[in-house]
Amino acid sequence: MKSDFSNQLTPSQRQAVFHGEGPLLVIAGPGSGKTRVITYRIAALVDAGISPHNICAITFTNKAAEEMRLRCAGLLGFSAPSRISTFHSLCVRILRQYSEQAKVNSNFTIFDAADQAKCIKQAINVCELDTTNFSPSRMLEAVSSLKNRLVNTDLMEQKASDFFSKVLAKIYTSYQNILSQANALDFDDLLMNTAFLLRDNPDVRTELGNRFKFLLIDEYQDTNHAQYQIAKQIASIHNNICATGDPDQSIYRWRGADIRNILAFEKDWPNATVVKLEENFRSTPNILTAADKLISNNSSRKLKVLIPTRPSGSDISISCCDSEQDEAAIVASQIKQLIDSGLSYRDIAVFYRINSASRVLEEVFIRNKIPYQIVRGVEFYSRREIRDLLAYLKILVNPADSLALLRIINTPARGIGKTTIDKIQSFASAHKISLYEALKLSDKIDSLSAGTKAKIKVFVTLLESFKKDINGPVAPLADRIFKDSGLAVDIKDSDELDNITELISAAAAYDQNAENPSLLDYLQQISLYTDADSYDASGDRVALMTLHCAKGLEFENVFIVGLEDGILPHERTAQEDDQIEEERRLFFVGMTRAKSRLFISFAQYRTIRGQLLRSIPSPFLYELGIDLLQTSRSEGLSFQDDDSIEKSIMPLFVPGQKVKHKTFGSGKVIEFVDMGENSIVVVKFNSGQTKSLMLKYANLSII
DNA sequence: GGACTCTTGGTTTTT
DNA sequence: CCAAGAGTCC
């Protein structure tokens with residue numbers, strides 16, 4: 001078998017694939033065949049006599065895991081599968097298996113963002129605080145960051161010294177209480193609890209270390225502290241850890257990812273072998289050169305070169321558009337040209353910084369009959385009708401999940417309204433029982449009328465009647481609940497019905513394919529599933545997605561839209577240099593997805609929250625080392641040739657010149673980019689902010 | 001109890 | 001601009 005693929009690999013790839021025991025770090029640039037190396041490494045290990053059961057590979061997304069599983073099965077000839085999954089998925093399985101030591105109930109519900117939002121609001125209320133001063137999203141972010149850094153509530157309460165930390169500790173504790181009452185874990189809990197489980201139980205650590213004798217982790221640059229600890233604990237038993245990643249592609253710092261994990265790998269594993277994969281098999285030199293110029297503006301990085309292996313290709317196209325509608329139309333027409341030249345829609349992707357940017361593209365694509373597919377974050381499972389049906393399933397598995405119960409107690413309407421629910425809730429908290437138990441005991445709640453009690457009884461009987469089927473396949477149960485609960489009658493439009501049908505057929509597929517199918521496992525797995533995982537490359541459609549979603553993918557032709565200051569880099573990141581660097585990496589990731597052609601565009605006006613605002617090209621554009629004016633002209637787009645008027649003002653804005661701006665105050669010119677009428681002045685204001693301003697609109701005065 | 005209107009506030013990226 | 005929540009009316 002070795003000979004089967006060793007000749008398909010470069011020397012450094014071969015070194016990584018056939019590396020035996022001991023820690024291994026693969027620093028791999030974009031398009032270097034990193035995923036392929038991991039896949040082959042698994043095969044090579046099996047070839048060398050390691051049982052597939054003893055291999056654990058961790059990918060960044062479910063989609064990546066699925067693909068790797070398929071490829072491995074191909075290489076290994078469908079022998080027993082290795083454990084290939086995301087960190088979260090792995091943790092769910094570990095927590096279920098060692099629920100006792102981890103101090104959780106194995107039938108826990110996984111709370112998603114919407115559930116979390118409800119819980120944090122409740123927690124803020126319980127603490128008698130105001131959600132205007134302590135905004136739910138901010139507090140949730142803070143709690144999440146604590147968990148990612150493995151700070152539990154006890155530790156936080158000890159450590160909290162200042163006012164904000166004390167408040168946060170209080171909210172954190174009551175948030176955790178609410179979750180534990182519902183027998184629920186959020187995404188971060190999955191990691192934190194697993195990390196603690198491993199830390200506090202040497203037996204479990206040894207057992208898992210022996211089970212997963214080889215641990216491979218992809219996208220190591222985007223692991224957070226909790227994930228880092230989990231990996232370290234498991235691998236500490238045998239040192240057979242293989243991490244792969246690219247510090248230049250770290251784009252999840254905001255989610256707790258700690259780039260230091262990959263930078264410090266050699267310190268953590270002193271005898272580590274380091275393999276660099278610098279050859280790029282994906283993109284043309286034109287694209288790589290520009291991407292390299294861009295990323296070299298980042299100061300905190302491990303120097304790495306991109307070695308092109310492909311022949312030279314087309315220039316990068318940069319389009320200056322009037323508005324976002326104009327931009328979408330230009331993208332559409334460029335796509336049509338590509339199609340006319342014989343390419344397929346499936347070879348084209350459009351990337352944007354923020355999800356909301358997809359709307360105008362969709363509208364224009366529909367008008368122009370361009371088939372497309374939006375690869376979005378979570379969408380499908382957050383649809384109302386889907387959540388309703390899933391809530392029925394959840395309450396069957398985990399009766400403590402009051403959030404699910406509250407969702408369906410009167411959906412479809414069955415005459416159990418707010419007043420009744422309030423009464424049941426106070427009964428439940430008075431007797432320290434769950435909402436569902438209180439429902440069952442509704443006879444004992446004196447304040448309820450006989451009619452209401454009867455309605456509750458019908459509802460409880462309905463749920464109980466579903467319970468006898470929870471050990472069977474999921475799809476028939478879901479179908480039965482949909483019909484018998486009355487949800488089916490409530491369905492208004494055909495889209496909703498389509499979604500339900502899709503859910504049920506997905507459940508049927510689960511019943512068929514899962515290793516150990518059960519309703520509990522199904523619910524826990526789909527909680528980790530996102531629409532990004534549902535990207536289907538088989539359809540002949542243009543893929544639309546955020547730059548974050550684009551990670552790990554590649555396309556012949558890539559469009560990146562909205563290269564404007566405030567969008568990419570996003571204005572919320574404009575404050576700190578390291579955040580700007582992450583935005584730059586994000587753009588770098590987007591660019592390096594392109595194999596043959598790269599189209600970049602920006603609009604001069606953009607409607608933001610209903611307001612038409614003037615926008616300025618992204619400072620990143622000037623870092624690409626491309627003559628913007630020339631490129632744009634060659635595209636025949638809206639750059640104007642007549643720049644004679646502005647030329648005369650130009651020499652005034654040389655670097656170092658002090659200027660004054662109406663809103664930003666005074667500052668110093670750092671850079672002047674001569675683009676005639678569209679010239680840009682980069683000014684560092686005394687406030688500390690650096691802004692790129694369009695000369696003709698900025699109304700700068702010389703001081 | 002439920003449907004409707006009005007107001008307010010919030011606006012990045014996702015496992 | 002949009003979504004969520006409060007408030008109002010039947």
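Below, chains carry the letters A, B, ... as their sequence lines are ordered, and counting in each starts from 1. Note: hydrogens, waters and symmetry copies are ignored here, and every other heavy atom, side chains too, is used.
- Going from the P atom of C:dA4 to that of B:dT13 covers 15 Å, rounded to whole Å.
- Summary of the strand contacts: A:Ala413 and A:Ile354 both lie near DNA chain B, and taking for each the nucleotide with the nearest heavy atom, the more 5' one is attributed to A:Ala413.
- A:Ser615 and A:Gln604 share no side-chain donor-acceptor pair at under 3.5 Å.
- Atom NZ in A:Lys551 sits about 16 Å away from atom P in B:dT13, given to the nearest Å.
- Between the CG atom of A:Asn410 and the C1' atom of B:dG1 there is a distance of 8 Å, rounded to whole Å.
- As judged by a 4.0 angstrom heavy-atom cut-off over every strand, A:Phe87 is placed among residues making no nucleic acid contact.
- Scanning for ring-ring contact (aromatic ring centres under 6.0 Å, His included) contacts around A:Tyr172 gives an empty result, with sequence neighbours left out.
- A sub-4.0 Å separation between OP1 or OP2 of B:dG1 and a side-chain N or O of A:Thr452 is absent.
- Within the structure, every side-chain polar atom (N or O) of A:Asn224 is placed at least 4.0 Å from both OP1 and OP2 of B:dT15.
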Could you list, one pair per line, each protein nitrogen or oxygen that sits under 3.5 Å from a nitrogen or oxygen of nucleotides 3-6 of chain C, together with the distance?
{"unit_1": "C:dG5", "atom_1": "OP1", "unit_2": "A:Lys121", "atom_2": "NZ", "d": "3.0"}

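- Residue contacts for A:Ala113: at a heavy-atom cut-off of 4.0 Å it reaches no nucleic acid atom on any strand shown.
- Under the 6.0 Å cut-off for aromatic ring centres, A:Tyr252 and A:Phe60 qualify, their centroids lying closer than that.
- By the criterion of a centre-to-centre distance under 5.5 Å and near-parallel planes under 30°, the ring of A:His548 forms no stack with the base of B:dT13.
- The two residues A:Ile580 and A:Phe620 have their closest heavy-atom pair at O-CZ, 3.8 Å.
- Taking only side-chain nitrogens and oxygens, A:Ser356 never comes nearer than 4.0 Å to OP1 or OP2 of C:dC1.
- Residue contacts shown for A:Arg359 are limited to sugar-phosphate atoms, with no base heavy atom under 4.0 Å away.
- A sub-4.0 Å separation between OP1 or OP2 of B:dT12 and a side-chain N or O of A:Arg353 is absent.
- Backbone-only contact: A:Thr420 has heavy atoms under 4.0 Å from sugar-phosphate atoms and none from a base.
- Minimum atom distance to the side chain of A:Trp254 is reached by B:dT13, of the listed B:dT13, B:dT15, B:dT11.
- When distances are taken from the side chain of A:Ser137 to each of B:dT11, B:dT13, B:dT15, the shortest belongs to B:dT11.
- Both A:Ser135 and A:Tyr252 lie near DNA chain B, and the one whose nearest nucleotide falls closer to the 5' end is A:Ser135.
- Remark: aromatic rings of A:Phe265 and A:Tyr220 are close, center separation under 6.0 Å.
- Counting non-hydrogen atoms under 4.0 angstrom, A:Leu528 reaches nothing in the nucleic acid.
- Contacts classified as side-chain hydrogen bond (donor to acceptor under 3.5 Å, both in side chains) and involving residues 108-122 of chain A (residues at least two apart or in different chains) are given here: A:Thr109-A:Asn398, A:Thr109-A:Asp401, A:Asp112-A:Arg387, A:Asp115-A:Arg387.
- At the heavy-atom level, A:Ser89 lies nowhere under 4.0 Å from the strands shown.
- Here A:Phe60 does not count as stacked on B:dT15, because the ring centres are not under 5.5 angstrom apart with planes under 30°.
- Counted by atom type alone, A:Glu581 and A:Asn297 present zero donor-acceptor pairs between their side chains at under 3.5 Å.
- Using cut-offs of 30° and 60° on the angle between ring planes, the pair A:Phe164 and A:Phe134 is parallel.
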